[in-house]
Amino acid sequence: MLFNTLEFALFYPLVFVLYWFVTRRSLRLQNIMLLVASYYFYGRWDWRFMFLLIFSTFLDYFSGLQIHRAGTRAAKRAWLIASVGINLGFLGCFKYYNFFASSFADMVGAFGFESDPIFLTVILPVGISFYTFHGLSYVFDIYYDRIKPTTDPVDYALFVGFFPLLVAGPIERATHLLPQIQRPRQFDVARAVDGCRQVLWGVFKKVVIADNAAEVVNSIFEGSATASGSTLLFGAVLFAFQIYGDFSGYSDIALGTARLLGIELLQNFSFPYFSRDIAEFWRRWHISLSSWFRDYVYIPLGGSRGGTWMKVRNTSIIFLVSGFWHGANWTFVAWGALHALFFLPLLLSGTNRSNMSIVAQNRMLPNLRELMGMVTTFLCVVLAWVFFRAEDLHHATGYLGGIFSSSLFSAPVGIPLQLLMLIGFFLLIEWGGRHGTYGLQVIGLSWPRPLRWVLYYGVLFLVFRFTGRSEEFIYFQF
Amino acid sequence: MGTFFRRLTLFALVPFAVAIITLLAADGRTDPYYLRFTTPRQSSLILGSSRPAQGIRPQVLDSVLRAHGKEVRSFNYGFALGYSNYGGSYLNSILRKLDPKATDGVFVLAVDPWGVADTHSPGSKAPGKAGGSFIATMKCVNMDPNIEYLLTVYDQPLLSILFPDRNSPGGRMLLHEDGWLEVEVPMLPAEVEKRTQAKLKEYRTQRLPGAAISPVRTSYLALTIDTLQKHGTVLLVRLPVDPRMLALEDSFAPHFNKLMKAVASSKGVEYLDFSEEGSSWAYTDGNHLTPESGAGVTAVIAEHLAKVMDGTQQ
């Protein structure tokens, strides 16, 4: 089930009513109802993969208990390895097996040997990368004694399967979400209104910005062989807005719908395109994944302790693994590698934490230095997105080669003025709202209610007037 | 909680009112299909692809039949290739649209090789929230306003119903209450030839490769005839097309007329073939009749139908 469908528009109010009116008096009943709703939400995509979700949930629940009960460090480690191995085994099997099989065939083919690899013909279960990481964070946290395992399988299953975050995150931590599941939730008007506002802004980002940009981006990327450099650059810039609108829009809807149920999820985006350097970008883009890799891979590898070589090695590993997490294609690895290249100079010069505050704090406009930083960072990110969007490495390098050609200075073809105006409005709201956690959150809060509602009606009007052709959320494929 | 609901209700009043106005404003300019799903169940249907959708005019059919003393109120339920090829989905949709009590209806089934062939159909990737499958997925085909269609199939922003773009290709189409799709395009010879060449290229490159008459679709055509015969008189019609389009069809289905004659004969219905009269009529793009030619062809069909209904045509 997709957030931007009629089905979800009917499903969610029903869940809301059952949650706050029918099951409110019993926390356990409330959680069971949410779990059933979550499995229904997931099963509407393909009910057969629910068994995989349930198995993964049971595995981590059971592993968590065993790690906690194990008497020795070695026994704990054995249970951890078993859990991680099986989890990553499933992920590898469904997501990466065909990639490794074809890469192996290509490699041996390069040495003159023929191979006939067996490929799996199964589709990738939606959300597997997300719920696998939920489960892994849980067993890691128990192993490192950060939390005690829950003894209630319903609570744990809900932590993994909570429908707003099940298929595309944010990637939650047991330390953050599980306690909220285990205690009674109170309805709060201000938070509920904030949730509605965030859903509205998320829907706008998805159906107006991302879906409209997608039509132009698809056409430019498909015809990239014959497009001018300026058109290709324009296509890459639009893709930056498409993927941001798509993924952060999804996250906003997830956070908003959860907040309406009295549950706070982790913030996943914080105005990444206003970053002044790549390090700041990575503190603001897909925060739940970046921090996951930081806590469960980077720090266990030694983090920034040790010499320069260790820092370079660990940082490179994180970016490469992060790229690979997105999909079984060398383009994602190249995307991660490119970001590592952008990031390492900052790390080595010790300037990776020089932009920690909000850009142009207490000012309306950025200064020249901030502006230059934002433009440079955005362009680096845009160039890296070409790898993310391209079909394969050949397509990506051809696309980049096309950008850096003499036709870069010609006028781009097929500029959709209407879309540019919508992006302009979007950036205006995001800039004005950068002190909040999402664009629309703080804008107009001090205005009289009628005026504030005019703003919300305006956004609603744009949603229904400029809905793009419906596209699936990009991050569903990861 | 009460405060929240009061505020939400108050806030939702304006969008709700606009939504109601929008749904009620949907009409024949909304898109090429919408109105076909807003009328009540019908007792007489014109079926097939976009050729009959644009080329067979219910009003003309009814008036000619009326002149022969037959009171018929026909409805054009043809869509487009990729949507309304003869098959299970289309038959189910027809059954949803058909008045089950009808016994003296008239059913004109337009046939051509594409409609009973397996082809790579660009229509299957056509726009629409339900992709090319809305004929199969639409449960309510007789509801006004048709909320199911507008929310799940209509692929434009909802408010474009209130603010239509008259310059878009869709802006030059008008779907009449009787299901006839009127297309208003410039008819200068050079413009027509340009559209014809484009249409021929589309068919040659996208539909023709691998195209072959499908026994399954042919048997569904026979099943559709069987089903409709219980409700009235059935007539099979092959509409005229530009001779160059006919040559394309003959290239993969040279025996199509023979096949249709066999189907018609086995079911005891008439087959009216206009394929040899391609040069006698005018087209907007080599594939679809102009409104005037459509009226002429419809009048011929109606005369033929009248004879069939009188039992004088054998």
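These values consider heavy atoms only, across backbone and side chains, with no hydrogens, waters or symmetry-generated copies. Proteins come first, then strands; the chains are lettered A, B, ... in the order of their sequence lines, and each starts at number 1.
- Within a 6.0 Å radius of CZ in B:Phe16, no more than 12 heavy atoms belonging to other residues, nucleotides or ligands are found.
- The closest side-chain heavy-atom distance from A:Cys196 to B:Phe4 is below 4.5 Å.
- The nearest pair of heavy atoms linking B:Ser160 to A:Arg465 is CB-NH1, 3.7 Å.
- Distance check, rounded to the nearest 0.5 Å: CG of A:Leu200 to CZ of B:Phe11 gives 6.5 Å.
- Interface remark: B:Ile147 contributes no atoms to any contact with chain A (heavy atom separation under 4.5 Å).
- Atoms CD and OG1, from A:Glu7 and B:Thr152 in turn, are 11.0 Å apart once rounded to the nearest 0.5 Å.
- Within the 3.5 Å criterion, the main-chain N or O of A:Val193 finds no donor-acceptor partner in the side chain of B:Arg7.
- Within 6.0 Å of atom CZ in B:Arg96, more than 12 heavy atoms from other residues, nucleotides or ligands are found, so the atom counts as buried in its surroundings.
- Residue A:Phe466 touches chain B through its backbone alone, counting heavy-atom pairs closer than 4.5 Å.
- Contact tally against chain B (heavy-atom pairs below 4.5 Å) for A:Tyr456, A:Phe464, A:Trp20: the top residue is A:Phe464.
- Applying the side chain to side chain donor-acceptor pair (under 3.5 Å) rule to A:Arg24 yields no partners; only residues at least two apart in sequence or on another chain are considered.
- For A:Leu260, the part lying near chain B is the side chain, with the backbone staying farther off; criterion is any non-hydrogen pair under 4.5 Å.
- Taking each heavy atom of B:Leu10 and A:Tyr457 in turn, the nearest pair found is O-OH, 4.0 Å.
- In this structure, the separation between CG on B:Leu159 and OG1 on A:Thr467 is 7.5 Å, given to the nearest 0.5 Å.
- When all heavy atoms of B:Met1 and A:Phe21 are compared, the closest pair comes out as CG-CZ, 3.8 Å.
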